Amino acid sequence: MQEIEYETATIRPLQRDDHPALIDLVRRTWYADFSERIGMLAAEADWENCLARTTNAYVAVVDGKPVALILGRIDSRETRNRCNAHARRYLRLLGGLMRSREGLRAAHEIVGVLALDRMLRSRASRSGHDYAAEVVLFALSPEARGHGLGKRMFLRMLDDFRRSGMTKYFLFTDTSCNVGFYAHHGLERIASIDLDASRYHHGDMSFYLYEGAVPEHD
């Protein structure tokens with residue numbers, strides 16, 4: 001079998017045809033504990049919610065297959081209202097999840113994380129941290145990790161931020177993700193929330209808001 005060279009993956013803007021593969025990547029990354037049907041519904045709801053506030057989006061493609069994505073938001077580039085088509089699809093999908101016990105658990109997880117994100121943003125704001133740019137979603141397939149692809153994609157988004165005049169940005173993450181990546185790239189943890197294990201997640205978890213400075217040059 002020919003070895004896949006992730007170092008030479010093509011990074012390009014997101015296209016509509018990429019969505020199914022990327023929704024499945026979201027499912028495998030965050031909703032693998034659910035049945036495939038509920039996991040796909042939850043992943044699609046999460047995906048639509050992210051797209052509802054995304055202004056900049058890139059994917060990494062190897063042999064025609066998307067293997068990574070990064071979504072970002074620059075407030076000054078947003079031209080849609082808050083109840084845009086993606087936001088409406090998110091609400092419909094969330095309603096669909098609530099028709100079964102397992103789906104209700106997935107919906108609770110999605111809504112719960114969004115509530116935690118709002119709390120983190122509020123805490124950051126109260127301590128004087130306000131932002132006009134966000135890394136909304138960042139994910140790589142397991143086989144694409146460890147090849148420098150994540151760094152390339154992250155720098156691509158930071159370049160967009162820089163070209164739009166942004167000086168700082170933020171992102172939400174938690175202990176299920178590789179938080180060391182953000183520390184390694186100079187981001188600072190601004191706010192955190194710790195949760196004990198519950199029926200909605202296995203083990204204790206911590207949720208974070210990280211802040212980063214946009215480089216002045218490439």
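Everything quoted here is computed from the prediction, not taken from an experiment. Hydrogens, waters and symmetry mates are skipped; everything else that's a heavy atom, side chains included, is used.
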Quick one: does [X]'s side chain get under 4.5 Å of [Y]'s, heavy atoms only?
| X | Y | answer |
| --- | --- | --- |
| Ile190 | Tyr131 | yes |
| Ile110 | Tyr90 | yes |
| Thr173 | Tyr182 | yes |
| Leu51 | Leu71 | yes |
| Met153 | Phe138 | yes |
| Tyr58 | Pro13 | yes |
| His19 | Glu44 | no |
| Val135 | Phe161 | yes |

For [X] against [Y], the heavy-atom pair lying closest together:
| X | Y | answer |
| --- | --- | --- |
| Ser35 | Glu102 | N-OE2, 2.7 Å |
| Ala106 | Leu97 | CB-CD2, 4.4 Å |
| Leu149 | Ala68 | CD2-CB, 4.2 Å |
| Thr54 | Arg80 | O-NH2, 2.9 Å |
| Val62 | Ala9 | CG2-CB, 3.5 Å |
| Gly39 | Phe34 | N-CB, 3.9 Å |

Ignoring hydrogens and geometry, is there a side-chain-to-backbone donor-acceptor pair from [X] to [Y] under 3.5 Å?
| X | Y | result |
| --- | --- | --- |
| Arg189 | Glu211 | no |
| Arg73 | Asn56 | no |
| His184 | Gly180 | no |
| Arg88 | Cys83 | yes |
| Asp174 | Ser176 | yes |
| Ser125 | Asp130 | no |

In terms of side-chain geometry, is the basic nitrogen of [X] or [Y] positioned less than 4.0 Å from the acidic oxygen of its partner?
| X | Y | value |
| --- | --- | --- |
| Arg27 | Asp24 | yes |
| Asp18 | Arg12 | yes |
| Arg162 | Glu216 | no |
| Arg163 | Asp159 | yes |
| Arg53 | Glu134 | yes |

Pair Glu48, Arg89 - check salt bridge (Lys or Arg N to Asp or Glu O under 4.0 Å), show working.
CA-CA 7 Å; Glu48 292 293 344; Arg89 280 196 288 271; 3.3 Å; yes
Taking side-chain contact (heavy atoms from CB on, under 4.5 Å) as the criterion, tell me which of Val67, Leu137, Leu69 meets it with Leu22.
Leu69
Report the distance from atom [atom1] of [X] to atom [atom2] of [Y], rounding to the nearest 0.5 Å.
| X | Y | atom1 | atom2 | value |
| --- | --- | --- | --- | --- |
| Trp47 | His86 | CH2 | NE2 | 9.0 Å |
| Tyr208 | Ile193 | OH | CD1 | 11.5 Å |
| Leu25 | Ser141 | CG | OG | 6.0 Å |
| Asp160 | Leu155 | CG | CG | 11.5 Å |
| Leu104 | Arg99 | CG | CZ | 13.0 Å |
| Met98 | Leu93 | CE | CG | 11.5 Å |

Quick one: do Tyr31 and Asp46 satisfy side chain to side chain contact (heavy atoms under 4.5 Å, CB included)? Show the steps, please.
CA-CA 10 Å; Tyr31 300 101; Asp46 200 344; 2.6 Å; yes
Can the ring centroids of Phe172 and Tyr210 be said to lie less than 6.0 angstrom from one another?
no
Could you walk me through whether Val59 and Ile11 pass side chain to side chain contact (heavy atoms under 4.5 Å, CB included), step by step?
CA-CA 6 Å; Val59 297; Ile11 299 176; over 6 Å; no
Mark yes when over 12 heavy atoms from residues, nucleotides or ligands other than Arg37 sit less than 6.0 Å from its CZ; otherwise mark no.
no
Just wondering, more than 12 heavy atoms not from Glu143 lying within 6.0 Å of its CD?
yes
Starting from the C-alpha separation in whole Å, work towards a yes-or-no answer on side chain to side chain donor-acceptor pair (under 3.5 Å) for Ser122 and Arg126.
CA-CA 6 Å; Ser122 178; Arg126 288 199 302 270; 2.8 Å; yes
